[in-house]
Amino acid sequence: MNDKSIKNLTISLLIFTGVVFVYFLVFVSLNGYWIWHESLDFAATGQFGDFVGGFLGTVFNGAAFYFLYLTLNEQRKSSLKQGFETKLYDIIRLHRENVTELKYTKFYKKELKTSESRKVFRIIVEEFIDCYHEIQRFCKMYPEMEILQPGYQILLEKILKENKVRATIKELALLDIAFCFFYFGAGKESETILLHKFYNRYNKNFVHRLKIFLQLKPKEEIKFLFSKWEEFKSTGISEMKKDFEMIYSDSSKSEQKLQKTEKHSLLPNLHAEKYYGGHQHRLGHYFRHLFQSYKFLSSQNFLTSKEKYFYGKSLRSQFSTYEQFMLFFNSLSSLGMVWEYTAEIENSSNNDNLEDFKFITRYNLIKNLPGSQYFDFTYRKFYPKVEFEYMDDITYTNRISNDYRNKTNKV
């Protein structure tokens, strides 16, 4: 109970007591019963005092105990909040440390550079976008090939419907595949993990061919092989498909068979260090800590909805723009759908609200993404309930108003 409610209750109690007391005085005087005649009637005053002490005194005693309860309850809440805030500040400190520890050495803008801290996110977001575009190009080579397993397609349809997502199933599937290759890497060491992840979700032939396709892209510092990849990628779709079919066929042959036949010039790329080396070791702890932080916040039932949002916003203020991009892509993949689409309340004995555990929309975690879309990704297609920052822009507001007026005029 807040201060305003306590004040209103106190005023109501005083008014009630006053009304009862006045009613009692009026009632006894109308019936000719009064304590003050020519001399003070002590018998009458005793009865009068018994009423005041017995009834009104009991009311005041009850009120005193109730206000004592409220005071102790507020002290308990204050103690809980103080402990929670201490924990939250520790969480923020650990988040900053996780970001500070990030390092990534990569051939970037024609030279080998080591990025640190928040700068890492910009590099790896660009890498994810590269991976997504490579997969889109691969799909153009095989437009007739089935991507999804029937059972997983039904599950995705259900997820999209429940969350009112306007993106297509194929968009979500390709984003998931791209993020998994980006996160685990396209090298030999990640094959078992990806096979397990994709087993009941995607067409085996599609995934196997795509894996070989992505493995052809070596690290950029291996200049000769990387130039071969760029040359291969710059050809038309039909010619690229023809070359890839040769490479795919050669990739399954033994070394003895390859020595007897002419092999494709791009085949050595399969044995080079991969451009998509994976980021599980770099991002795994970051995402786990961040997810548990918001789960901890949403589980604090002594906090009001506004207080939870305030603390969630305080943690969100630590995110750079590219961290929010990374969180956006992670939450749309099968690895991170629990952030929103498949949110669950686990290990809780309280009647928690499921909406509190849909962290992306509950705390507007990607609110500060610039513009209304990033490359092929329109934010509101995936998260229609998030109050994005660009929606406050006067240009956007005027456009919405004009659209509404046009629809009204048509009607």
Side-chain angles (χ1 to χ4, degrees), residues 102-115 120-139 141-142 174-199 202 204-235 240-241 243-253 255 258 263-284 286-287 326 329-330 333-335:
L102 290 175
K103 287 185 180 181
Y104 186 29
T105 301
K106 183 179 179 178
F107 200 81
Y108 185 69
K109 293 184 178 179
K110 299 183 179 181
E111 61 178 316
L112 204 61
K113 291 183 178 180
T114 298
S115 300
V120 171
F121 286 97
R122 179 176 181 176
I123 305 300
I124 61 179
V125 165
E126 290 176 2
E127 190 173 305
F128 166 77
I129 294 297
D130 285 345
C131 185
Y132 183 79
H133 287 159
E134 307 290 12
I135 292 174
Q136 282 187 316
R137 193 164 182 81
F138 175 82
C139 289
M141 290 197 299
Y142 299 98
L174 293 183
L175 191 149
D176 177 37
I177 293 169
F179 194 88
C180 286
F181 272 110
F182 156 82
Y183 185 78
F184 293 110
K188 292 283 185 183
E189 63 277 5
S190 65
E191 285 185 0
T192 305
I193 300 172
L194 290 172
L195 182 65
H196 174 73
K197 285 286 179 186
F198 295 154
Y199 183 71
Y202 303 113
K204 187 177 180 181
N205 184 36
F206 174 84
V207 170
H208 190 261
R209 285 175 178 271
L210 177 60
K211 180 197 71 174
I212 298 297
F213 179 78
L214 293 176
Q215 285 179 342
L216 291 173
K217 188 174 184 178
K219 283 189 171 183
E220 198 170 348
E221 54 264 41
I222 310 174
K223 296 181 180 179
F224 176 72
L225 295 182
F226 191 81
S227 64
K228 288 286 183 182
W229 161 262
E230 290 285 290
E231 184 181 334
F232 163 72
K233 198 175 70 169
S234 64
T235 58
M240 190 167 74
K241 182 178 180 180
D243 284 340
F244 180 72
E245 285 295 330
M246 290 177 59
I247 297 166
Y248 184 72
S249 176
D250 287 348
S251 68
S252 59
K253 294 177 182 178
E255 285 294 330
L258 286 173
K263 59 185 180 182
H264 197 280
S265 61
L266 202 59
L267 196 63
N269 284 33
L270 291 177
H271 306 290
E273 281 193 80
K274 308 305 173 198
Y275 184 89
Y276 302 111
H279 296 282
Q280 183 181 11
H281 64 289
R282 191 171 286 112
L283 295 176
Y286 172 86
F287 280 125
M326 202 73 260
F329 296 129
N330 174 257
S333 73
S334 56
L335 299 175

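- No salt bridge links Lys241 with Glu245; every basic N to acidic carboxylate O contact stays at or beyond 4.0 Å.
- Nearest heavy-atom pair, Gly185 versus Ser190, reported as atom, atom and distance to 0.1 Å: O-OG, 2.6 Å.
- Screening Phe329, Phe179, Tyr183, Tyr104 for a ring-ring contact (aromatic ring centres under 6.0 Å, His included) involving His279 leaves a single residue, Tyr104.
- For an aromatic pair to be called close, the ring centres must be under 6.0 Å apart, and Phe121 with Tyr286 satisfies this.
- Of all the heavy atoms in Trp229 and Leu266, the pair that sits closest is N-CD1, 3.8 Å.
- A salt bridge links Glu230 and Lys233; the closest N-O separation between the charged side-chain nitrogens and carboxylate oxygens is under 4.0 Å.
- Ring-centre distance between Phe206 and Tyr202: not below the 6.0 Å cut-off.
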Original post:
For Leu194 and Lys211, what are the C-alpha separation, side-chain angles and deciding distance, and is it a side chain to side chain contact (heavy atoms under 4.5 Å, CB included)?
Top reply: CA-CA 10 Å; Leu194 290 172; Lys211 180 197 71 174; 5.8 Å; no

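- By the 4.0 Å N-to-carboxylate-O rule, Glu220 lies too far from Lys106 to be salt-bridged with it.
- With ring centers used as reference points, Tyr248 lies under 6.0 Å from His208.
- Closest approach of Met326 to Val125, counting heavy atoms only: SD-CG2, 4.0 Å.
- Pairing each heavy atom of Leu270 with each of Ser251, the nearest pair is CD1-CB, 3.7 Å.
- For the pair Lys217 and Tyr275, the distance from NZ or CZ to the six-membered ring centre is under 6.0 Å and the angle to the ring normal is within 45 degrees.
- Taking 4.5 Å as the limit, every side-chain heavy atom of Phe213 sits out of range of all side-chain heavy atoms of Tyr142.
- Among all heavy-atom pairs drawn from Phe107 and Leu112, the shortest one is N-CD1, 3.5 Å.
- For the atom pair CZ (Phe138) and CG (Leu174), the distance works out to 10.5 Å, reported to the nearest 0.5 Å.
- Under the 3.5 Å distance criterion, the side-chain polar atoms of Glu273 are left unmatched by any main-chain donor or acceptor of Lys219.
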